[in-house]
> 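One structure, pasted below without further comment.
Letters A, B, ... mirror the listed sequences (proteins, then strands); counts begin at 1.
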There are 2 protein chains.
Amino acid sequence: MQSDTRRRILDTTADLFRRHGYTGTGLKQIVAAANAPFGSIYHFFPGGKQELGEEVIRRSGRMYQELVEAVWSQGDDLVDGVRAVFDGAAEVLRATGYVDACPIATVALEVASSNDTLRRATADVFESWVTAAAERLRAGGVPSRRARPLAIAVIQLLEGGFMLSRAAQDTEAMDAAGAAAIELVAAAVRRGKLPAAR
Amino acid sequence: MQSDTRRRILDTTADLFRRHGYTGTGLKQIVAAANAPFGSIYHFFPGGKQELGEEVIRRSGRMYQELVEAVWSQGDDLVDGVRAVFDGAAEVLRATGYVDACPIATVALEVASSNDTLRRATADVFESWVTAAAERLRAGGVPSRRARPLAIAVIQLLEGGFMLSRAAQDTEAMDAAGAAAIELVAAAVRRGKLPAAR
DNA sequence: GTCTATAGAAGGATAGAC
DNA sequence: GTCTATCCTTCTATAGAC
């Protein structure tokens with residue numbers, strides 16, 4: 001089955017990008033880890049590394065969004081959901097030796113000033129995360145006008161949490177990020193319940 | 001003067017790391033941009049790319065901390081200082097076409113799972129930023145116990161702001177980060193003024 | 001001690017056998 | 001259409017001329 005090799009290449013590349021970034025991951029390294037012949041990359045992705053990279057970014061963005069939404073939904077209310085996301089992130093960091101973090105953050109910073117096609121792909125992923133999170137915040141009682149900037153802040157805290165926690169190999173930073181996110185969300189919900197708000 | 005070449009290599013490398021990251025920056029690219037002979041790198045940094053990289057990380061960390069502290073000090077009080085930092089970051093992003101951001105963030109994510117020496121260097125830089133920011137927050141009236149996690153959150157919002165703003169080539173994310181940071185700091189100061197707090 | 005030339009490995013990409 | 005062998009470039013690093 002041809003699509004099986006293709007999928008294996010995508011999975012492997014996503015994994016290597018998350019660990020070592022875009023420039024840090026070689027095509028030979030990918031096919032070796034995916035047990036695929038070298039030519040398969042150019043068979044399935046005629047545009048080479050960039051085409052493969054773009055598909056991996058968009059696909060990882062979708063998959064990670066689904067994962068986070070599933071964890072978020074475990075919470076009974078908004079604050080519980082946010083707490084579950086940050087607690088889950090800290091748990092995954094600990095369990096994987098601080099390697100499994102955001103699948104696109106490293107790539108996003110790497111390509112931001114050097115590859116416009118890939119930069120755009122990372123921007124689209126972040127935008128879809130922001131939109132989805134804002135929608136959840138609104139549904140949970142955050143005043144509509146405040147939902148989007150709050151969603152951005154929550155995602156930034158998560159990304160910052162990954163960055164500092166991976167560097168320090170310690171979840172203190174992710175814990176602090178979660179506490180800050182919870183405080184911001186709780187305050188926004190409180191404001192939403194006041195008669196004057198919105 | 002020999003130390004002039006050395007300094008030029010350090011400055012150039014810092015600039016290239018910020019734009020293209022660690023793996024994305026080649027030694028030949030560095031000497032070309034620094035107008036230095038190739039051998040100079042190994043003359044001044046016998047440990048090669050890693051030794052140069054470590055010194056650049058620690059040096060950039062110090063310099064950026066000084067820059068941020070200078071901007072922070074422009075504010076009259078704590079909230080004003082934080083606002084100045086995020087406004088300044090947004091301004092620099094706009095003015096440089098979204099290339100001049102945090103000097104070590106890209107490198108930090110790249111090396112977190114692949115080079116322990118450099119990972120440790122980035123961790124040390126983040127830690128020194130956290131310590132300094134926490135000290136300022138305490139001096140500005142934030143209860144001592146809350147200063148450190150708050151400092152972490154503020155730095156994470158700044159880093160997340162750089163990441164999302166560079167990807168989108170838009171300062172909306174940095175503006176949202178600043179607003180969130182201000183809200184968190186203002187709330188902490190308010191809590192510090194309550195008699196029951198601390 | 002400043003600089004050039006080059007080694008040896010790894011990078012992305014391609015051609016063509018089967 | 002699956003895979004191998006190879007091309008050319010670039011990488012880090014070193015040797016040695018001057």
> Nearest whole angstrom, please: distance from the C1' of D/dT4 to the CD1 of A/Ile41.
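After rounding, the gap between these two atoms is 14 Å.
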> Is any NZ, NE, NH1 or NH2 atom of the basic residue among A/Glu110 and A/Arg119 found under 4.0 Å from an Asp or Glu carboxylate oxygen of the other?
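No salt bridge links A/Glu110 with A/Arg119.
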> Could you verify whether a donor N or O on one side chain and an acceptor N or O on the other, from A/Ser113 and B/Arg166, lie under 3.5 Å apart?
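Short answer, yes.
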> Over how many whole Å does the gap from A/Phe38 atom CZ to D/dA5 atom P extend?
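Result: 14 Å.
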> Does this structure show an ion pair linking B/Glu54 with B/Arg120, if we count only N-O contacts that are shorter than 4.0 Å?
no
> Once salt bridge (charged side-chain N to carboxylate O under 4.0 Å, His left out) is applied, do any residues pair with B/Asp124, and if so which ones, sequence neighbours excluded?
B/Arg58
> Is there any side chain to side chain donor-acceptor pair (under 3.5 Å) pair reaching into residues 146-155 of chain B, and which pairs are they, with sequence neighbours excluded?
A/Glu172-B/Arg148, B/Glu127-B/Arg148
> Given the ring of A/Tyr42, does A/Lys49 sit roughly above its face, with NZ or CZ under 6.0 Å from the centre of the six-membered ring and within 45° of the axis?
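No.
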> Do any of residues 48-55 of chain B sit with a heavy atom less than 4.0 Å from DNA chain D, and if so which?
B/Gly48, B/Lys49
> Is the distance from OP1 or OP2 of C/dT2 to the nearest side-chain N or O of B/His43 less than 4.0 Å?
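B/His43 to C/dT2 OP1/OP2: side-chain N or O found under 4.0 Å.
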> Please report, rounded to the nearest Å, how far the P atom of C/dG1 is from the CZ atom of B/Arg6.
15 Å
> Output the residues of residues 19-36 of chain B in contact with DNA chain D, where contact means a heavy atom of the residue under 4.0 Å from an atom of the strand; sort by number or write none.
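DNA chain D contact set from residues 19-36 of chain B: B/Thr25, B/Gly26, B/Leu27, B/Lys28.
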> Mind listing the residues from residues 103-116 of chain A sitting with a heavy atom below 4.0 Å of DNA chain D? Number order is fine.
none
> What residues form a salt bridge (charged side-chain N to carboxylate O under 4.0 Å, His left out) with B/Asp11, not counting sequence neighbours?
B/Arg7, B/Arg59
> Can you tell whether the side chains of B/Glu55 and B/Arg62 come within less than 4.0 Å, N to carboxylate O?
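No, no charged N to carboxylate O under 4.0 Å.
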> Whole angstrom is fine here: how far is it from CZ in B/Phe44 over to P in D/dT14?
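Between P of D/dT14 and CZ of B/Phe44: 18 Å.
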> On the 0 to 90° scale, with breaks at 30° and 60°, tag the B/Trp129-B/Tyr64 ring pair as parallel, tilted or perpendicular.
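Rings of B/Trp129 and B/Tyr64: tilted, as their planes differ by 30° to 60°.
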> If we only count heavy atoms from C-beta on, is the A/Leu109 to A/Thr122 side-chain gap below 4.5 Å?
no
